Amino acid sequence: MTKCFKEGKSIWRRIACFGLAVTVLAASFSAYAAESAVLRPSGTLLSIDEAVSNALKDSSEIKRALARLGKEEALYKGALAEFYPKIKADVQAGAATGERTFLSYLDTGIEQPIFQGGKAVAEKKRQSAVYEVEKLRLEEVKLDLELAVRVLYAQVLAEKELTRIAQGEVKELTAECERIKKLSGKEVLPRLEAFKIESHLENVKHSLVKHKETYDYLLTVLRETVGIGEGEGLDLQTYGSIQEVESGLESFLGAARETDPVYKEGSLLILAKQQEKRSLQAERFPKISLSTRWNSVRDVYVDTNRVIVGIEGKWNIWDFGRLGSKIRAKEQEIEETKWAEDIRIREHGKEIRRLFHEARALRQKIRMTDAFLKENEENYKNEKTRLVTGGKGAGELLDSFIALEEARSAAVQAVAEYRIQMARLERTQAFKPTEMATSSANTFAEGEEDRS
């Protein structure tokens, strides 16, 4: 009996332990699932395409554009409803003094427009054009947002690299400043040398703080734009190569005419204005409708209950020139819209030309800064060799090091300016690929020479 009791107790213990283990595993799996839902599929590395995709998912600008598009879509459906019959009713009932103490009036029916001078058709076409304009403006909002993300991405990478360069420069100059202060204290070097190196060190510290603060600000803005919280890790993917603007200007202009919503929006705005004029012209014609009505009236001198089937018509025969003045004003408005769009397209073409030529100039600036960087790298190596052999002092090595760091900063800034300019140029083509060659160049991720 005692043995059976012990065996039963052991079985219950095993069951309890198994249940506890299942509970712990379920809780762990739930916690892992919740944590996995927070992390992005690609981990903490955020590519530029992922940044653009995340920004387009939940943007206030896009939501506002979608709201405008939804409004115009509803108005377009309302314009289509003008082709269908209208059912209306007018009812009145109440008590009154006199011979008949209860009065009633009922007038209900259905009316189908037959001829309105083309007003309904014009309104439908006008609203359809406005709806298409809003669709193009939605595309413009998406393109502007993508441009903003690409510019932010390039700026963050540049400020991160400039901060790293400034940190290394501050480290080197701090050690050199302490050494020169000791030598000037022993009157081996004049005090002016200590003041010079200290002044330059403070200047570099200011540059470090400026780049670090700018980096923190731009990174926060990028996080908010792409929807990544402060608690989530974020690292940006460095660029691999630099695009060469090999295609001619005309190819850029031709691609922009095919893809940029600016070139399509003008014709739709003119069409909408023309249909507004057509709607006003329709007011000159009579409006004819087929109607069926049920009329019931109970009053002192009237007692009717009848059905009326027939045609109803309205015609504004003469209004002393009011309608004609509106039509002429609308004609001038159409001309104004045409010239405004002509000016807008011409200015947009000028902007594309400016972006193209500035991009070519900035590409040459990269080549210049690369050559200047190679020169300073070689000069720094030579100065280190001379210092080891005793041919030069530490002052010349410090000057060459400062020149090398300035060349590195100039190269980083030149690449960032070029990438931002190329993003603006690609915006005019809706970021669709064109014939651009790529060339290998120094990127932000490439290693530096030994600073020692």
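Only a predicted model underlies this, so the values are computations on that prediction, with no experimental measurement involved. In what follows, every heavy atom counts, from backbone to side chain, and hydrogens, waters and symmetry copies are set aside. One is the number of the first residue; the rest follow in order along the sequence.
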Does the pair Glu347/Arg344 count as a salt bridge with the N-to-O cut at 4.0 Å?
no
Student check: side-chain heavy atoms of Leu404 and Arg408 closer than 4.5 Å:
yes
Audit row: Ile62, Lys57, side-chain contact (heavy atoms from CB on, under 4.5 Å) steps and yes/no
CA-CA 9 Å; Ile62 292 180; Lys57 287 179 182 177; over 6 Å; no
Where Tyr380 and Ser400 come nearest, the two heavy atoms and their spacing:
CD1-OG, 3.4 Å
Closer than 3.5 angstrom, by distance alone: can the side chain of Glu378 be matched with the main-chain N or O of Glu375 as a donor-acceptor pair?
no
To the nearest 0.5 Å, what is the distance between CD (Glu132) and CD (Gln127)?
11.0 Å
With the side chain counted from C-beta on, respond yes when Gln275 and Val121 share a heavy-atom pair under 4.5 Å apart, and no when they do not.
no
Considering all heavy atoms, the nearest Leu138-Leu66 contact
CD2-CD2, 3.6 Å
Under the side-chain contact (heavy atoms from CB on, under 4.5 Å) criterion, do Val130 and Arg126 qualify, and how do the steps go?
CA-CA 6 Å; Val130 174; Arg126 184 195 70 83; 3.9 Å; yes
What orientation do Tyr76 and Tyr131 show, parallel under 30°, tilted 30 to 60°, or perpendicular over 60°?
parallel
Please determine if Arg137 and Glu140 form a salt bridge, counting it only when a charged side-chain N lies under 4.0 Å from a carboxylate O.
no
Audit row: Arg284, Ile327, side-chain contact (heavy atoms from CB on, under 4.5 Å) steps and yes/no
CA-CA 11 Å; Arg284 297 186 182 276; Ile327 293 174; 3.6 Å; yes
Nearest 0.5 Å, what's the CG-CZ distance between Leu425 and Phe431?
10.0 Å
Is any side-chain N of the basic residue among Asp370 and Lys374 closer than 4.0 Å to the acidic one's carboxylate O?
no
Closest heavy-atom pair, Leu249 versus Ile352, reported as atoms and distance to 0.1 Å, is CD1-O, 4.5 Å
State plainly whether the residues Glu139 and Lys135 are in salt-bridge range, i.e. N to O under 4.0 Å.
no
Please report the closest heavy-atom contact between Ile345 and Tyr263, naming both atoms and the distance.
CG2-CE2, 3.4 Å
Between the side chain of Thr225 and the main-chain N/O of Val221, is any donor-acceptor distance below 3.5 Å?
yes
Backbone of Gln429 reached by a side-chain donor or acceptor of Thr259 within 3.5 Å:
yes
From Leu173 atom CG to Glu202 atom CD, the distance as rounded to the nearest 0.5 Å:
10.5 Å
Hey, is Asp342 close enough to Lys338 for a salt bridge, meaning N to O under 4.0 Å?
no
Quick one: are Ile228 and Leu222 in side-chain contact, heavy atoms under 4.5 Å?
no
Side chains of Leu219 and Arg223 in contact at under 4.5 Å (non-hydrogen atoms):
yes
Can you confirm whether more than 12 heavy atoms, excluding those of Lys330, are under 6.0 Å from its NZ atom?
yes
Taking all non-hydrogen atoms of both residues into account, name the closest pair between Ala166 and Val204 and its distance.
O-CG1, 4.0 Å
Ion pair present between Lys142 and Glu146, side-chain N to carboxylate O less than 4.0 angstrom?
no
Once rounded to the nearest 0.5 Å, what's the spacing between atom CD1 of Ile334 and atom CG of Leu269?
12.0 Å
Heavy-atom distance under 4.5 Å between the side chains of Lys287 and Asn316, does that happen here?
no
Chi angles and distances behind the side chain to side chain donor-acceptor pair (under 3.5 Å) call for Arg367, Gln364
CA-CA 5 Å; Arg367 297 188 183 98; Gln364 185 59 37; 3.1 Å; yes
I'd like to know if the side chain of Asn376 and the backbone of Phe372 have a donor-acceptor N/O pair within less than 3.5 Å.
yes
Can you tell me how far apart CD (Gln112) and CZ (Phe83) are? Round to the nearest 0.5 Å.
10.5 Å
Looking at NZ of Lys277 and CD of Gln332, how far apart are the two atoms once the value is rounded to the nearest 0.5 Å?
10.0 Å
List the steps and the verdict of side-chain contact (heavy atoms from CB on, under 4.5 Å) for Arg419 and Val151.
CA-CA 8 Å; Arg419 294 196 184 280; Val151 170; over 6 Å; no
Kindly write out the residues that satisfy side-chain hydrogen bond (donor to acceptor under 3.5 Å, both in side chains) with Ser279, not counting sequence neighbours, or none if the list is empty.
Lys119, Glu123
Closest non-hydrogen atom pair, Ala129 against Leu271
CB-CD2, 4.1 Å
Donor-acceptor under 3.5 Å (Ser199 side chain, Lys196 main chain)
no
